[in-house]
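Each remark here refers to the structure printed beneath this line.
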Protein chains: 2
Amino acid sequence: MGRSITASRVRSTGDRPRIEDVAALAGTTAITVSRALHRPEKVAAETRRKVLEAVAALGYIPNLAASALASRRSRILALVVPTIANSVFADTVHGFSDAVTAAGLQLLLGQGTYAPETEHRLLTALVGRRPDAIAVIGIVRRTETRELLRRAGVPIAEIWDLTATPIDLVVGFSNRAAGHAMTRFLVGRGRRHIAFVGGDDDRAAARRDGYAAALGESGLAPGGADIRVADISYGAGRRALRALLEAAPAVDAAFFATDVLAVGALLECREMGIAVPGRIAIAGLGDLEIARELSPALTTVRVPSYDIGRRAAELLLARIAGDAVASAVTDLGFEIIARESA
Amino acid sequence: MGRSITASRVRSTGDRPRIEDVAALAGTTAITVSRALHRPEKVAAETRRKVLEAVAALGYIPNLAASALASRRSRILALVVPTIANSVFADTVHGFSDAVTAAGLQLLLGQGTYAPETEHRLLTALVGRRPDAIAVIGIVRRTETRELLRRAGVPIAEIWDLTATPIDLVVGFSNRAAGHAMTRFLVGRGRRHIAFVGGDDDRAAARRDGYAAALGESGLAPGGADIRVADISYGAGRRALRALLEAAPAVDAAFFATDVLAVGALLECREMGIAVPGRIAIAGLGDLEIARELSPALTTVRVPSYDIGRRAAELLLARIAGDAVASAVTDLGFEIIARESA
DNA sequence: TCCCATCGTGACAGCGCTAACATACTCGAC
DNA sequence: GTCGAGTATGTTAGCGCTGTCACGATGGGA
């Protein structure tokens, strides 16, 4: 049945050439071809030349699935993101992709993990591909999922928020500290009725936490109703601002969990003729490009989205290469960008 | 040497369980486990139960690289994008990912193909993974690369622009027609000195083409210097607007190849006190969310970014399943969204 | 009663590659 | 000339899964 029984080793037309076809044409054997391609220094220059010639002549492209199976190295890095339709996460994917590509590996992307259930399913599927490492945006909460990742037996990075108890590595910044710092900043600007507006994901919750702690330290009470948004959009930011002013007329500052919401609020203020920062200060988080282009320009927290992705990939690659990674926790920090809106 | 020589088939700790381990625990053989997982209707209910129990007990996750090798189906779809840090492409990735995930396959993402050379290298690497289908944003120009894809022997989709001579499938809209339609729209609004501003990629070039054709039909000359931007950002849009007004003071309309540039121009006009659309009309393409939130709201071309990704994946999946795809060309159209800026 | 279709299961081989060991050959030291 | 070390290449045996065929059991129709 097998090809090896047939007299000729020439492949039928339409089939892709295999490593043996290359070897035959180059007058050598499969293993030498493999070495010529992966460890050229182990092969005589003349042999290498013949092999490369044969590769070119046949248009040979190694089957990486077979390679992965035999070598137990897939040369794939998996990355899991809540959604890609969010430019800060897109930047992280970008950074991750750049580092992965530079190292000659490939990126397997999993998307859609705001629910723990989907996250688990998605990760199971990804683990099946036996990636050399896995990165996940967010801290993995479900015990079962953490166990799944641990058992995958490869380096794991949880990225975008810090935790003292990572599965393996963490790369990000403290969302809590960022929330705290911005709130202190607003207090420092003389604001006394500061509201927080955000969604319900973990990162927003951490920022809200930091906000609450900073208020407590300053002896202040929350400056408005607890406004939660269901989706992250400019429109949601507008609506949230209106709801806030209605529910808490005394509010003098609004800190939004993300710039998209803050920008929406800024636009709404302009249309309603509400002075910013006169009547109310507006602050965001993310430092989107649009934030600095509006007027008043948005005061925000700059966050290393691209670097988180890039650094995570680099650390994972180092781990794969067997290099010791100094610390399990990589804090990339953040920066308050004071502009006109607060 | 091999595992089969050892007396016991129980795996050493740390190793992942294989299909044979599951089979042993379920009291059956590997092939039955494979069938129980992939074609459950082919296996007796009782056997299936035992297999699933064993799978759960061992935490077995099939090795998809081995599966791909044996079955010649990788269950991977590859997608290649110029950059992901551009929200319209991110939407396309999103749509593609949704369809791929829904079908139980996985997404291999390649990023960074504004240069033909990188595109070729990236695609070579992706083809090595033997995806079941490949989608590429843009029309593949290089003959060598087209040949590479053709020889991959799987369905191929070129997406985001139409062409009469696709490698296999095309899904998108006519960038030329969109440029044409918006230009006609501006002419219809009484504009006579219409400028076009965009980058140098293929899509911008097609839009510029349509613009030039529409001007010709209306007996008009280009309304300004030929402004090319090097990067796509709000800042670039601002600078382009200033450059345009300086180079061609008579200009009464500016059509930007993408909304990001148009939004930048709109912001610049506001700051410079230039009346829009009084002094100059501004139009874009893409229909970003911010476009409708600004005032004046941006007149633009709505483009089916998400649907292009989703539809491309669906068509590719249909092809893989052996269904005939009605037409090689899928035109998803576009829509002029007339708002206040033009 | 026999036959053949159908169902459930299994044996075997192979997908295309590489790790590990084995072998041949070269060259300089003694 | 012999030996050992180093270099270049080859042989063998899988990696973990599934396609293909084969086989036994069951059951309904002639």
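All values below come from the heavy atoms of this structure, side chains included, with hydrogens, waters and symmetry mates left out. On a predicted model such as this, the values are computed, not experimentally measured, just so you know.
For A:Arg49 and D:dA8, the CZ to P distance is 16 Å, given to the nearest whole Å. When rounded to the nearest whole Å, the span between CZ of B:Arg72 and P of C:dG14 equals 13 Å. Atom CD of B:Glu41 and atom C1' of C:dG8 are 12 Å apart (whole Å). D:dC15 atom P lies 14 Å from atom CD1 of B:Ile19, rounded to whole Å. Here D:dT18 presents its P atom at 10 Å from CG of B:Asn63, a figure rounded to the nearest Å. If you take CG of B:Leu69 and P of D:dC15, they are 13 Å apart, rounded to a whole angstrom. Rounded to whole Å, atom P of C:dC17 lies 3 Å from atom OH of A:Tyr60. Atoms CD (B:Glu46) and P (D:dA25) sit 19 Å apart, rounded to a whole Å.
Within the 4.0 Å cut-off from OP1 or OP2 of C:dT18, at least one side-chain nitrogen or oxygen of A:Ser67 is found. Note on B:Thr29: every side-chain N or O is 4.0 Å or more away from OP1 and OP2 of C:dT9. The side chain of A:Thr32 contributes no N or O atom lying less than 4.0 Å from OP1 or OP2 of D:dT9. Taking only side-chain nitrogens and oxygens, A:Thr47 comes nearer than 4.0 Å to OP1 or OP2 of D:dT9.
Not one N or O on the side chain of B:Arg75 forms a donor-acceptor pair closer than 3.5 Å with the backbone of B:Pro131. The closest donor-acceptor contact from the side chain of B:Glu158 to the backbone of B:Ala135 lies at 3.5 Å or more, if one exists at all.
When heavy atoms are screened at a 4.0 angstrom cut-off, B:Arg39 is found touching the sugar-phosphate backbone but no base atom.
For A:Ala312 against A:Ile159, the heavy-atom pair with the smallest separation is CB-CG2, 3.6 Å. Of all heavy-atom pairs spanning B:Ala30 and B:Ala23, the tightest one is N-CB, 3.5 Å.
Distance from the side chain of A:Ser34 is smallest for C:dT18 among the nucleotides C:dT18, D:dC17, D:dT18. Closest approach to the A:Ala44 side chain among D:dT11, C:dC17, D:dA8 is made by D:dA8 (side chain taken as heavy atoms from C-beta onward).
If you find the closest nucleotide of DNA chain C to B:Ala70 and to B:Thr28, the one lying nearer the 5' end belongs to B:Thr28.
Side-chain N/O atoms of B:Arg35 and base N/O atoms of C:dG10 include a donor-acceptor pair closer than 3.5 Å.
Taking CG of A:Leu122 as the start and CD of B:Gln106 as the end, the distance is 8.0 Å to the nearest 0.5 Å.
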